[in-house]
**Q** 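Okay, here's the structure, questions in a sec.
Below, each value reflects all heavy atoms present in this structure, side chains not excepted, and no hydrogens, waters or symmetry copies. Sequential numbering from 1 along the given sequence is applied to the chain's residues.
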Amino acid sequence: QVHFVESGGGLVQPGGSLRLTCEVSEIIFSTYDIGWYRQAPGKARDFVARISRGGITNYIYPVKGRFTISRDNAKNMVFLQMNNLKPEDTAVYYCTNFRNLWGKGTLVTVSS
């Protein structure tokens, strides 16, 4: 069963913005915190942001003030608004429930 479908990635210039969307299955959305990890080429998969069922958020330090995670409880969706993107943000971004479930990811490339 597919629990996460990510979308919204693409190629953007430094300083630009993208909004990632994660469509989450209803059972997962209602049970778990949801968040984003990212994996740059040749590197490990790293935590980016998390939002609890109650809306509490936390972020990895390099994206604080630039990225905003939010959720739409009516649509079972989680979003990652990414502003002032930098080349080091280039990665595949994955949605997860911080247990054992992952999406297939969406590629974000920040380059001039």
**Q** Can a donor-acceptor pair be found, under 3.5 Å and without considering hydrogens, that links the side chain of T90 to the backbone of V110?
**A** yes

**Q** After noting the C-alpha distance and the side-chain angles of T106 and V92, does the key distance pass the side chain to side chain contact (heavy atoms under 4.5 Å, CB included) rule?
**A** CA-CA 5 Å; T106 185; V92 178; 6.0 Å; no

**Q** I'd like to know if the side chain of T96 and the backbone of L101 have a donor-acceptor N/O pair within less than 3.5 Å.
**A** yes

**Q** What distance do F47 atom CZ and F98 atom CZ have between them, rounded to the nearest 0.5 Å?
**A** 5.0 Å

**Q** With side chain to side chain contact (heavy atoms under 4.5 Å, CB included) as the test, would you mind laying out the steps for V108 and M82 before giving the verdict?
**A** CA-CA 10 Å; V108 172; M82 306 186 296; 3.8 Å; yes

**Q** Show the nearest heavy-atom pair for residues P14 and S111, with the distance to one decimal.
**A** CD-C, 3.6 Å

**Q** How close do R71 and F29 get, counting heavy atoms only, and between which atoms?
**A** NH2-O, 3.1 Å

**Q** Taking R50 for the side chain and I69 for the main chain, is one N or O donor matched with an acceptor at less than 3.5 Å?
**A** no

**Q** As an exercise, state the distance from OH of Y59 to OG1 of T68, rounded to the nearest 0.5 Å.
**A** 4.5 Å

**Q** Considering only residues two or more places apart or on different chains, which pairs with a residue in residues 82-100 satisfy salt bridge (charged side-chain N to carboxylate O under 4.0 Å, His left out)?
**A** R38-D89, R66-D89

**Q** Identify whether L80 and V12 are in the same connected component of the hydrophobic contact network (ILVMFWY, side-chain heavy atoms under 4.5 Å).
**A** yes

**Q** Kindly compute the distance separating OG1 (T31) from CZ (R53), expressed to the nearest 0.5 Å.
**A** 7.0 Å

**Q** Keeping E6 on the side-chain end and C95 on the backbone end, is there a donor-acceptor pair under 3.5 Å?
**A** yes

**Q** Are V5 and Y93 linked, directly or through intermediate hydrophobic residues, by side-chain heavy-atom contacts shorter than 4.5 Å (ILVMFWY only)?
**A** no

**Q** Atom CG of N58 and atom OG of S52: how far apart are they, to the nearest 0.5 Å?
**A** 9.0 Å

**Q** Centre-to-centre under 6.0 Å for W36 and F67, is that the case here?
**A** no

**Q** Enter the distance from D33:CG to I51:CD1 here, rounded to the nearest 0.5 Å.
**A** 9.0 Å

**Q** Would you compute the distance between atom CZ of F4 and atom NZ of K104 and round it to the nearest 0.5 angstrom?
**A** 14.0 Å

**Q** Is it the case that over 12 heavy atoms from other parts of the model lie below 6.0 angstrom from the CD1 atom of I27?
**A** no

**Q** Is L107 reachable from V48 through a run of hydrophobic residues whose side-chain heavy atoms are each under 4.5 Å from the next?
**A** yes

**Q** Using the rule that two of Ile, Leu, Val, Met, Phe, Trp, Tyr join whenever any of their side-chain heavy atoms come within less than 4.5 Å, decide whether I28 and V78 are in one cluster.
**A** yes

**Q** Whether the S17 and N83 side chains hold a donor-acceptor pair (N or O, under 3.5 Å, no angle test) is what I'd like checked.
**A** yes

**Q** Is it the case that one hydrophobic cluster holds both W102 and F79, taking links as side-chain heavy atoms less than 4.5 Å apart, direct or via other members?
**A** no

